[in-house]
*Asks:* 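Sharing a structure here in C-alpha cells format.
By convention in this document, chain letters (A, B, ...) are assigned in the order of the sequence lines, proteins followed by strands, and residues within each chain are numbered from 1.
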Amino acid sequence: MILKVFMTNLEIAKLLRNVAASYTIKDEKKYRFQIIAYQNAADSIEHSITELKDLQRENRLNELAGVGSTIKEYLAELLKEGKVNHFSSILKGVPESVFPLLDIPSFGPKKAYKLILAFKLKNPETVIKDIENLSKKGKVANIEGFGEKSEKDILRAITEYKIGKNKTVRMVLPYAIEQAQKIIEYMEKSKDVIEVSTLGSLRRMVSTIGDIDIAVSTNNPKKVIEYFISYPAKERIVEKGGTTASILVSGGKQIDLMTQPPESFGSLLQHLTGSKAHNVHLREYALKKGFSLSEYGIKRKIENEKWKMENYSEEKSFYNAIGLEWIPPEIRENTGEIELAVSHKLPKLIELKDIKGDLHLHSNFPIEPSHDLGTDTFEAMIEKARELGYKYLGFSEHNPSVSKHTPFQIYDIIAKRNERIEQINLSIKDIRIINLLEVDILANGNLALNDKTLDKLDAVIVSIHSGFSMNKELMTKRILAGLSHPKAKILAHPTGRKINERKGYDVDFNKIFDFCKENNKALEINSFPSRLDLPDTQVRQAVDLGIKMIINTDSHTAWQMTNMRYGISVARRGWAKKDDILNSLDYNELIAWIQKK
DNA sequence: GCCGTTTTCGGCCCGACTGTTTTCAGTCG
C-alpha cells in the first residue's frame, strides 16, 4: 500500500505562488490576470481555517472565496493525484532554484530569475547560499540591472532571512496594540503631528498582526518622517520617501508610517485600512461609477476624459461620496459588506458599551481546582466590574480537582463557596453575582462534577482541558455529551486553539452549531489574548445561524477584565449585533435565559 | 483565471519607494 502524504494549506499556497511566479517569468503581460488569480487563490488558502483536504472530503471546496471553478478543479486533482499536469506544464522551463529565493523579502520572480540565469544556479538546495557567496565576492554588482547597493541589500536580506528575523510569527493583537500605542504616543509628541491613527489589519482588529501600520495627519510630512525614523526603538530604516517611511524595531517587527495633510486624512484612512480584497472590490465598484479612489481622495470623471480630485478629511464622507454608508473597519474584508453598504443595510455591530457583565472569571477562592486558580479576591474583581460599569458578574473557577478529592469533599467546597457568594449578594446591591463554575468535560463526555453538586450552582460553563488529540468524531460526541447536561449553558473557548501555540481540537462545528441552536446553549467568545476563541469566521457562521454567544474574559486577575475589548473586536469581525450577545442583556433577562430549558 | 446593481463576455485598483537608470523595472502593501 502506498502511503499518501497530503499537502498542507501552506504547501498548496506555496505551489500556487510558484505557478504565479512562473507565469510572471514567462510573460508577465500575457498572463497578467492568471497571475492575479493564482495569487488570490494562494491568499485564500493561506487564510482558510480548515485544511483543504478536509474541505475536499466534506465537499466544501466551494467555500473558498476568491478561488474560481478552474483552479478548484486543479485543487481537486492535486488532492486526489498528488500533482496537477497543468501546473507542471506552467512550471516547466523555470529552474526550480528560483522558488526558494521567493521566500526572501525583496526577492520577486524577476530578480530571482535574473540571478539564477546569470550564474547558472541549478540547485534549489544551495541557491540561497550560492547567491550569498557571490554577493560577498562582489560578483552580483556586475550583473546588468544590479549595482553595489542592491548587492548589499541582497546580502542583508539573506542574512535576516537566515536568522529568521522576518519569519512570519505574527503578533497577537494585544501585543501589536501595545507596540502601536507606544509609537502613537511618541508621534503625538511632535508638534507637526495633528492626528494619529492605526491602519491596516491593526485597525481592523485582526486577531494576529504582521506589520504595524500608522497614519499621521500633518502639514509637514518631511519633518514628521524625520521624527519617525528617529524613534528610539528603531533598529534600522527600511525605506523613507516623501510621504511614507518604514522602520524595523526591536523584535524584528516593522512599522510603516503614512502621512497626508488633514484635508485628505479621511482618504488615507480609507485607502489603507481595508483588506486587499475589500480595497480592490471597492475601487472596482467605484470605477464603474466613474470614481477613482486613492489615499489622496476621489477622482471624479468629468468631460473630455478629464478627472477632478476631491479630498476628504473624514472617512465617513469619503464613503458617502461614492454612495455607500460608512463601513466599520472590523468588517472590511470583502465578505458582503460593500453590497450592504451600497443599499445602506449594514448591521449595527455590538459595542463595548453594550456589555453589562462578564461570566467567566477565576477568583482566588480556595477551590483546589483541577487547573489554574485566579489571583484576586471576589471583592477585587467586583470592584473592577464596578469600574467597568457592569451590572452582574459570574464567578466560574475551575471545578475542584476530581483526582484529589472525594465527591463529598467537592460538595463541601462548593457549599462553602455558595455561602460566600450568597453573603456577597446580600451585602451589595449594585452588582449581582451569578454562581457558576467552569467544569471539565471528561474524555467520556461526562461532566467532572456529579448532579448533586451541580444542582448547587446557577449554571455551568463547560470546556475541554485534556485529551486534545481525540479524533473528530469522538471529540464532537464528547462535547455534545457535556453540553447536553441541563446545567451546562455555555461552551467555553470552543475550538481550544491557542494563537501561535496550537491548533484547535478536531471538532465538527456544524454539529455543535446545530446542537446549540436546538437546545438553547451559548458559545463563548473568549477574550483572552492568546485565545480569541471562537475565531471571527466562526462567529460569523454562528451569527448567520442565529446562535447566541457570550463574550467573556476568562480573567485570572482583576485587570484582565479589561480584555473584554478584544472579545468585542472578534464579535464585531464576526458581524455580531447586540442581540446575538447574551451579556448585553439586563440581569433579569440573562437569568431568564439561563433558566430556560 | 475570475466574475456579474447596465456584462455569461469583456473587462480587470492604486500608489509608494528603491536602485539603476535618464524614463523605468521590480517589489510591496
*Asks:* From the options B:dA16, B:dG26, B:dG19, select the nucleotide whose nearest atom is closest to the side chain of A:Thr243.
*Replies:* B:dA16
*Asks:* Answer syn or anti for B:dT7, where the cut-off is 90° from 0 on the glycosidic torsion.
*Replies:* syn
*Asks:* Please measure how far the P atom in B:dT18 lies from the corresponding atom in B:dT5, and state the result in whole Å.
*Replies:* 40 Å
*Asks:* Rounded to whole angstrom, note down the P distance from B:dT6 over to B:dC2.
*Replies:* 23 Å
*Asks:* Phosphate oxygens OP1/OP2 of B:dG26: is one of them under 4.0 Å from a side-chain N or O of A:Lys111?
*Replies:* no
*Asks:* Taking A:Lys345 first and then A:Glu325, would you say they form a salt bridge - that is, a charged N and a carboxylate O separated by under 4.0 Å?
*Replies:* no
*Asks:* Quick one: does NZ or CZ of A:Lys110 land under 6.0 Å from the six-membered ring centre of A:Tyr113, within 45 degrees of the ring axis?
*Replies:* no
*Asks:* Choose from B:dG26, B:dT18, B:dC14 the nucleotide whose nearest atom is closest to any side-chain atom of A:His271.
*Replies:* B:dC14
*Asks:* Ring-on-base stacking between A:Phe33 and B:dC12, under 5.5 Å between centres and under 30° between planes: is it there?
*Replies:* yes
*Asks:* Check this one for me: any side-chain N or O of A:His278 less than 4.0 Å away from OP1 or OP2 of B:dG29?
*Replies:* no
*Asks:* Give none if B:dT8 has no partner; otherwise give the nucleotide forming a Watson-Crick or G-U wobble pair with it, both distances under 3.5 Å.
*Replies:* none
*Asks:* Among B:dG19, B:dC14, B:dT18, which nucleotide has an atom closest to any side-chain atom of A:Ser150?
*Replies:* B:dG19
*Asks:* Using the C1' atom in both, what is the distance from B:dC13 to B:dC3, to the nearest Å?
*Replies:* 16 Å
*Asks:* Could you measure between the two P atoms, the one in B:dG26 and the one in B:dT20, and give it in whole Å?
*Replies:* 14 Å
*Asks:* Would A:Arg17 and A:Glu46 pass as an ion pair if we require N to O under 4.0 Å?
*Replies:* yes
*Asks:* Out of B:dC14, B:dT6, B:dA16, which nucleotide sits closest to the side chain of A:Lys289?
*Replies:* B:dT6
*Asks:* Choose from B:dG1, B:dT27, B:dC13 the nucleotide whose nearest atom is closest to any side-chain atom of A:Glu284.
*Replies:* B:dC13
*Asks:* From CZ of A:Arg32 over to P of B:dG11, roughly how many Å is that when rounded to an integer?
*Replies:* 13 Å
*Asks:* Is it true that atom CD of A:Glu351 has more than 12 heavy atoms of other residues, nucleotides or ligands lying nearer than 6.0 Å?
*Replies:* yes
*Asks:* State whether A:Arg60 and A:Glu63 are salt-bridged, where the test is any N-O pair (Lys NZ or Arg NE/NH1/NH2 against Asp/Glu carboxylate O) under 4.0 Å.
*Replies:* yes
*Asks:* For B:dT21 versus B:dC14, give the span between their C1' atoms, rounded off to a whole number of Å.
*Replies:* 24 Å
*Asks:* Looking at the side chain of A:Glu239, which of B:dT18, B:dA16, B:dG1 is the nearest nucleotide?
*Replies:* B:dT18
*Asks:* What residues in residues 200-212 of chain A put a non-hydrogen atom under 4.0 Å from any atom of DNA chain B?
*Replies:* A:Asp211
*Asks:* Using 30° and 60° as the class limits, which term best fits the ring planes of A:Tyr38 and A:Phe87: parallel, tilted or perpendicular?
*Replies:* perpendicular
*Asks:* Are the charged groups of A:Arg283 and A:Glu295 less than 4.0 angstrom apart, N to O?
*Replies:* no
*Asks:* Quick one: which of B:dG1, B:dA16, B:dC12 gets closest to the side chain of A:Glu295?
*Replies:* B:dA16
*Asks:* With the threshold set at 4.0 Å, does a side-chain nitrogen-carboxylate oxygen contact exist between A:Arg573 and A:Glu333?
*Replies:* yes
*Asks:* Considering only the P atoms, how many Å lie between B:dT22 and B:dC17, rounded to the nearest integer?
*Replies:* 23 Å
*Asks:* Given B:dC2, is OP1 or OP2 found less than 4.0 Å from the side-chain N or O atoms of A:Thr70?
*Replies:* yes
*Asks:* Check every atom of B:dA16, B:dC13, B:dT27 against the side chain of A:Lys276 and return the nucleotide holding the closest atom.
*Replies:* B:dC13
*Asks:* Ignoring the backbone of A:Ser292, work out which of B:dC13, B:dG15, B:dC14 is nearest its side chain.
*Replies:* B:dC14
*Asks:* Please state whether the phosphate of B:dC17, meaning OP1 or OP2, lies under 4.0 angstrom from any side-chain nitrogen or oxygen of A:Thr244.
*Replies:* yes
*Asks:* For the side chain of A:Leu287, starting at C-beta, report the closest nucleotide among B:dC13, B:dA16, B:dC2.
*Replies:* B:dC13
